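Down below is the structure, laid out as structure tokens.
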Amino acid sequence: MSENTKEKESLNFIEEIIEKDLAENKNDGKVLTRFPPEPNGYLHLGHATTVCLNFGLAKKYNGNCNLRFDDTNPVTEETEYVESILSDVRWMGFEPDNILYSSDYFGKLFDLAIELIKKGLAYVDDSSAEEIAALKGTTTEAGKNSPYRDRSIEENLDLFERMRKGEFPAGSKVLRAKIDMASPNMIMRDPLLYRIKFAHHHRTGDDWCIYPMYDMAHGQSDSIEKITHSICTLEFAPHRELYDWCIDKLDIFPSKQYEFARRNFSYTVVSKRKLLKLVTDGHVSGWDDPRMPTIAAMRRRGFTANSIRNFSKRIGIGKRDNVVDLGLLEYCVREDLNKTATRVMGVLDPLKVVITNYPEGKTEWMDTVNNPEDPDAGTRKIPFTRELWIEKGDFMEDPPKKFFRLGPGRLGRLKSGYIIQVDNFVKDENGELTELHCTYFPTSKSGSDTSGLKPKATLHWVSVEHAIPAEVKLFDRLFLVEDPSSDERNLEELLNPNSLTVVKNAMLEPSLKDAKPGDSFQFFRLGYFTPDTDSTESHLAFNRAVTLRDAWAKAKKKG
RNA sequence: UGGCCCAUGGUGUAAUUGGUAACACAGCAGUUUUUGGUACUGUCGUUCAAGGUUCAAGUCCUUGUGGGCCAACCA
């Protein structure tokens, strides 16, 4: 194929391996990878980087990438998860070359097991789980052979066949590889190959009552599909010896396994067990709660597939332990949305402004730019009237020097509108600020400003008459500690109690009426927002994907 | 007292395979700005340790130290 002569960008270690293989014309110059999730949960950010890696490699080297559901354990796997995984992969922007299942190979895998038995390399063991564990030895002591280890090939064949027919109860027998109970690699101490489970499988139903273990299924499935580069996480490194042993003894296609370090992310967890616990204990509303690190949640929150792909590319791959700063993902989201999101105005904490010298009942439709980063995005009209909503935080009765928004007597520019000056503020009986009385400068109209006035701040606003109310959800990190997965304390103690803020009565500009999930907006000065999946015409609901960078908030914090 | 993997700024990855330690994020300071956004500029700071080989070591060797994974009828 095409030789990349001058590759400026440096290669990661897997790309180096692939390019070396390609140079040697291994596998006839073909690259075939696979993404092999077990359908027992939703895909999360860790999977997302693996998806990008495997599909990305295939794309880069003109190869292919299969999606293979590693569904060899019927008790944990469900069709619901299969569907969510497939839709998440597609949303990420990748179309699998083949959609396959390990369960498709149950027949072939059974035959391979028979072959191992015939070669005297596997045996049926009647020991209980406890007995097998007891004979396993420890990392520093050799194990001992099972009393069933030397059964004849004929007897093993007979027993395994009868296991398959359902003649023995669950747990009464297993098939084990006959390797070496003294191996320094614990995985090689006669690993279990098949176990009896009378469980309904999401695809094969009740056809089988014995199921292959990971080590009898994964590498073999790779081999059946002729996967050239089987990429997995570092935890599987000890399995590689067995992976190669099976391929060698069975004399099947020599797929090769390569390992990279799993990604950890700051202020969140990616263990399926812990994510499931967050869901079942009600700490979040579901797998797609926008605070979750799942792909479904990130999509619902308003993150884009493009930003996740860029993030994945930027963090690269390696072999050392790591905690990736989630701030980088937020940066990638902003980077993407800044270029594409339409700028609109919405007020989260409304304060009424009455422009006392503006005619009652008058509406001016002001021109405003949809996206200053994209001239092709065009302009639209927004209504300006005598009564407006502005952000309560944009006025201070007694503003400090560094605050350059509104205060008594101060000027402010209303974005794409007029410059106003605060004349008065009104409070209710509780001393709560309720209203600002201002005057506007007719010569200061945006785009044709001849006033010569230079207010320090430009504020967002919405016409009271035209505003549409909405619920808006704001999110903060789920956990208080940077690395919750390595914290000894209970998950509950580490949770950020303020990870969700629900704003009930936000006021939005009327153009947002028909926004749909998947649409991205920048609410001027507030961040990037997208309609929530539960948004309806009568009850608009938005999620904030991420805030804008906020130098003022930072300055305030520092005091 | 085993096997395997790993060690580069606050974080994540690079380093033409022995030849000036770089890129991005974060931080800090500033310029521009009808977003305290964006863009732009500057700045901070690093090879786990000790020996050795070499004109030259993040890279090779030795010995340490530190961390991770492995003993589920899970994947």
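Every value quoted in this text rests on a predicted model; they were computed, and no experiment measured them. Residue numbering restarts at 1 for every chain, and letters A, B, ... go by the order of the sequence lines.
Look at B:rA75: it lacks any Watson-Crick or wobble partner with both distances under 3.5 angstrom. The pairing partner recorded for B:rC4 is B:rG68, the criterion being a Watson-Crick or G-U wobble arrangement whose two distances lie under 3.5 angstrom. As the counterpart of B:rU43, B:rG27 is assigned, both hydrogen-bonding distances of the Watson-Crick or G-U wobble pattern falling under 3.5 Å.
For the P atoms, the distance from B:rG9 to B:rU47 is 8 Å, rounded to whole Å. To the nearest whole angstrom, the two P atoms, one in B:rU1 and one in B:rG12, are 35 Å apart. The same atom, C1', is picked in B:rA26 and in B:rG58; the two are 24 Å apart, to the nearest Å. B:rA56 and B:rU31: their P atoms are spaced 48 Å apart (whole Å). As rounded to the nearest Å, B:rA50 and B:rU65 have C1' atoms that lie 10 Å from one another. Straight-line distance between the C1' atoms of B:rC44 and B:rG27: roughly 8 Å, to the nearest whole Å. Separating the P atom of B:rC23 from that of B:rU16 is a span of 16 Å, rounded to the nearest Å. For B:rA75 and B:rC6, the C1' atoms lie 23 Å apart once the distance is rounded to whole Å.
Close placement of the A:Tyr42 and A:Tyr81 rings is indicated, their centers lying within 6.0 Å of each other. Aromatic rings of A:Tyr267 and A:Phe479 (six-membered ring for Trp) have centroids beyond the 6.0 Å cut-off, not under it. For an aromatic pair to be called close, the ring centres must be under 6.0 Å apart, and A:Phe529 with A:Phe542 fails this.
A salt bridge between A:Arg189 and A:Asp180 is absent, with no side-chain N of the basic residue lying under 4.0 Å from a carboxylate O of the acidic one. With respect to the salt-bridge test (charged N to carboxylate O, under 4.0 angstrom), the residues A:Glu225 and A:Arg68 qualify.
Side-chain contact between A:Arg343 and A:Phe523 is absent, with no heavy atoms from C-beta onward closer than 4.5 Å. Contact annotation: the side chain of A:Arg176 never approaches that of A:Leu193 to less than 4.5 Å [non-hydrogen atoms, C-beta and beyond].
If A:Pro238 and A:Ala170 are placed on RNA chain B by their nearest nucleotide, the residue sitting closer to the 5' end is A:Pro238. Both A:Ala261 and A:Phe236 lie close to RNA chain B; mapped to their nearest nucleotides by heavy-atom distance, the more 5′-ward contact belongs to A:Ala261.
If you measure from atom CG of A:Asp180 to atom C1' of B:rG2, you get 13 Å, rounded to the nearest angstrom. Between A:His239 atom NE2 and B:rA71 atom C1' there is a gap of 11 Å when expressed in whole angstrom units. The distance from atom CG of A:Leu276 to atom P of B:rC74 is 17 Å, rounded to the nearest whole Å. Atom pair A:Ile317:CD1 and B:rC6:P shows a separation of 13 Å (rounding to whole Å applied). Look at CG on A:Asn185: it is 10 Å from C1' on B:rA71, rounded to the nearest Å. The CZ atom of A:Arg189 sits 12 Å away from the P atom of B:rG3 (whole-angstrom rounding). The distance from atom CZ of A:Phe260 to atom C1' of B:rG12 is 14 Å, rounded to the nearest whole Å. Put simply, OH on A:Tyr214 is 16 Å from P on B:rC73, counting in whole angstrom units.
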Between A:Ser230 and A:Asp222, does the side chain to side chain donor-acceptor pair (under 3.5 Å) criterion hold? Intermediate values first, please. CA-CA 7 Å; A:Ser230 176; A:Asp222 284 343; 2.7 Å; yes

What's the verdict on side chain to side chain donor-acceptor pair (under 3.5 Å) for A:Asp367 and A:Thr379, showing C-alpha distance, side-chain angles and the deciding distance? CA-CA 6 Å; A:Asp367 285 310; A:Thr379 62; 4.6 Å; no

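A:Val323 comes within contact range of the sugar-phosphate backbone alone, with a heavy-atom separation under 4.0 Å but no base atom that close. Across all strands, A:Ile315 comes closer than 4.0 Å only to sugar-phosphate atoms, never to a base (heavy-atom distances). Residue-level contact check: A:Thr76 touches neither bases nor backbone, having no heavy atom under 4.0 Å from any strand. Residue A:Met213 is classed as a sugar-phosphate contact, given heavy-atom separations below 4.0 Å to backbone atoms only. Base contact: A:Glu16 has a heavy atom under 4.0 Å from a base atom. Contact annotation for A:Asp321: backbone-only contact, meaning every heavy-atom pair under 4.0 Å involves sugar-phosphate atoms and none involves a base. In this structure, A:Ser127 reaches the bases: a heavy-atom distance under 4.0 Å links it to at least one base atom across the strands shown.
Checking side-chain atoms of A:Arg149 against main-chain N and O of A:Lys144 turns up no donor-acceptor pair under 3.5 Å.
Listed candidates were B:rA75, B:rG12, B:rA15. Nearest to the side chain of A:Asp70 is B:rA75. Minimum atom distance to the side chain of A:Arg195 is reached by B:rC74, of the listed B:rC74, B:rG2, B:rU13. Distance from the side chain of A:Lys136 is smallest for B:rA71 among the nucleotides B:rA75, B:rC5, B:rA71. Among the nucleotides B:rC69, B:rG2, B:rU13, the one closest to any side-chain atom of A:Pro184 is B:rG2.
The phosphate of B:rU1 has neither OP1 nor OP2 within less than 4.0 Å of any side-chain N or O from A:Thr138.
For B:rU65, the glycosidic angle deviates from 0 by more than 90°, giving an anti base.
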How would you summarise protein contacts on nucleotides 24-38 of chain B per nucleotide, using B for base, S for sugar-phosphate only and - for none, with heavy-atom distances below 4.0 Å? SS-SSS----BBBBS

